[in-house]
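Inspection log for the structure reproduced underneath, given as structure tokens.
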Amino acid sequence: MGALLDNLALLRDGFLTTLRLTLISAALALVLGTLLGACRVSPVPTLRGIGTAYVELVRNTPLTLVFFFFVFVAPQVDLKLPFEVSAVVALSLYTAAFVCEAVRSGVNSVGVGQAEAARAIGLTFMQTMSQVVLPQALRTVVPPLINIFIALTKNTSVGVGFFVTELMAVGIRLTNRFPADILTVLTGIAVCYLAITIPAGVLAGRLERKVAFAR
Amino acid sequence: MTTGASSGEPLVVLAGVNKHFGDLHVLKDVDLTIHRGEVVVILGPSGSGKSTLCRAINRLEPIDSGTITLDGEPLPEEGKALARLRSDVGMVFQAFNLFAHKTVLHNVTLGPVKVRGMDKAAAEKRGRELLDRVGIGEQADKMPAQLSGGQQQRVAIARALAMDPKVILFDEPTSALDPEMINEVLEVMTQLAKDGMTMVVVTHEMGFARRAANRVVFMDHGKIVEEADPETFFTAPRSDRGKDFLSKILSH
């Protein structure tokens, strides 16, 4: 236990870094993913093409490779970002591809008649999406979204290989320093991840009930 | 009160309209003019293209060739111009299509507030008046799923009216209703017709066609086969296909 208790400040910093990476990346991925999702269902072929290309490219690339790109390749074209910012960019772009697909499936779950009725009263495509389709899509999108954000929480640990001192990095540093306490240290780190993901699951359950309505 | 005069100026003009669904030629060189204040009922066997024709008028179905003009303006391709034009064309669907996540009142006020930029309070006042007019004022704060089919369809009519449309399209408005609910919807529609609303109605309700239509358009296999005033069409149809159609539906 000493390995953890004597290094609470380090552990706390790691936890806060992981939490920060998760929250900022989740917010950015949600915005970008929703926009991409709107592209994928839009009536404009070019936008649909952009959405599809993005998803196919990013979803099928290992996250580690995306990190590599922003940490090692981007500086070669004079795009030098602090390591944590690079991590946020990589995580956001990567997660947005999954958010996009969740949003698209949610939009498809809303009957086509809803969008037709919205267009028939003169709403534009954006208004149809924001006023009629997305609020109803939310109901089916919340469960997959929370899975995506839980995966994101854990994906932040890829940052360990790219100079970001998040939870996993703290864990590795402590196990190197206290090899005898490896089990304690790793359990402690796991509990820290749970402290983020379990409340996220609870929040999702509440949200799901809140957006439910009879059809 | 005017019983729509077919002498009104042309409001909706379709000229040489063609439409395919894959290999299926669903609209074949359709020419049709609907005048202001006129009630046109489109009849025909299923698959005759009558719903497609109705949906083409506000471009829910894009057409392959030909032109459609509304109040002298050609239908725009997409985007804001099309949305603006659609706001002047009411539409009532077979499946009602009320916004499931909004109350009855908000179904009616969404268009006026978001499209016309109307003040929310004014829109709600107007919305309640319209709901009273179609006889469901007391249901204003319920969700659509809590209403019967007939009530939902009357909300849909109020939603269309809220935009002060130049014309309302009815795409088989009573086909999804239980028999006992058909009349309450037809009564609202008949009253609208008497009030001088321009209406295009795709329906199988021959009683409504006889009572409220100024003109009956009979379609078969994507073509307009016959146009006549309802009395002439129902008592002395000129075309063989018209006769055949009437004999099938009026015999029982």
Side-chain angles (χ1 to χ4, degrees), chain A residues 34-35 37-51 102-143 145 206-215, chain B residues 54-55 57-62 77-103 106-117 142-147 152 155-156 158-165 167-171 176:
Chain A
T34 306
L35 289 176
C39 283
R40 288 209 72 176
V41 297
S42 86
V44 185
T46 319
L47 290 180
R48 280 205 302 276
I50 290 171
V103 168
R104 184 175 70 92
S105 71
V107 165
N108 288 342
S109 77
V110 179
V112 65
Q114 293 287 312
E116 284 192 343
R119 282 150 69 205
I121 58 170
L123 296 183
T124 60
F125 173 73
M126 289 307 276
Q127 287 175 323
T128 299
M129 290 302 284
S130 66
Q131 298 294 320
V132 175
V133 177
L134 288 179
Q136 295 189 60
L138 203 58
R139 193 180 31 171
T140 36
V141 165
V142 166
L145 270 188
R206 289 218 182 129
L207 207 58
E208 220 177 307
R209 280 193 294 281
K210 206 174 161 206
V211 297
F213 56 86
R215 271 198 263 201
Chain B
C54 184
R55 290 163 55 84
I57 295 174
N58 67 350
R59 214 171 193 282
L60 282 183
E61 295 291 354
E77 293 266 307
E78 267 301 336
K80 286 208 162 65
L82 179 61
R84 190 174 50 75
L85 194 131
R86 276 180 180 145
S87 69
D88 289 333
V89 180
M91 178 124 197
V92 175
F93 299 86
Q94 179 176 352
F96 328 133
N97 294 350
L98 294 182
F99 305 129
H101 62 306
K102 291 195 177 287
T103 64
H106 289 147
N107 262 274
V108 179
T109 58
L110 183 67
V113 171
K114 294 292 168 188
V115 178
R116 299 270 193 252
K142 289 191 179 167
M143 298 303 280
Q146 295 172 279
L147 270 54
Q152 289 195 47
V155 175
R159 176 173 68 180
L161 286 172
M163 300 301 290
D164 290 319
V167 51
I168 303 186
L169 313 172
F170 293 83
D171 185 7

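Every heavy atom of this structure was used, including side-chain atoms; hydrogens, water molecules and symmetry mates were not. Within every chain, numbering begins at 1; the chains are lettered A, B, ... in the order of the sequence lines, protein sequences first and strands thereafter. Here the structure is a predicted model, which means the values were calculated and not measured.
Among the candidates T124(A), L123(A), T128(A), the single residue satisfying the side-chain contact (heavy atoms from CB on, under 4.5 Å) test with K114(B) is L123(A).
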Would you check, one step at a time, whether the test side-chain contact (heavy atoms from CB on, under 4.5 Å) holds for H101(B) with R139(A)?
CA-CA 10 Å; H101(B) 62 306; R139(A) 193 180 31 171; over 6 Å; no
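Contact annotation for F93(B): only side-chain heavy atoms (C-beta onward) come within less than 4.5 Å of a heavy atom of chain A. In this structure, chain A has no heavy atom under 4.5 Å from any part of L85(B). The contact between Q127(A) and chain B is made entirely by side chain atoms (from C-beta outward), counting heavy-atom distances below 4.5 Å. Residue R116(B): no heavy atom, backbone or side chain, is found under 4.5 Å from chain A.
Between I121(A) and R159(B), the closest heavy-atom pair is CG2-CG, 4.1 Å. The two residues A117(A) and F99(B) have their closest heavy-atom pair at CB-CE2, 3.8 Å. Taking every heavy atom of both residues into account, A120(A) and M91(B) meet most closely at CB-CB, 3.8 Å.
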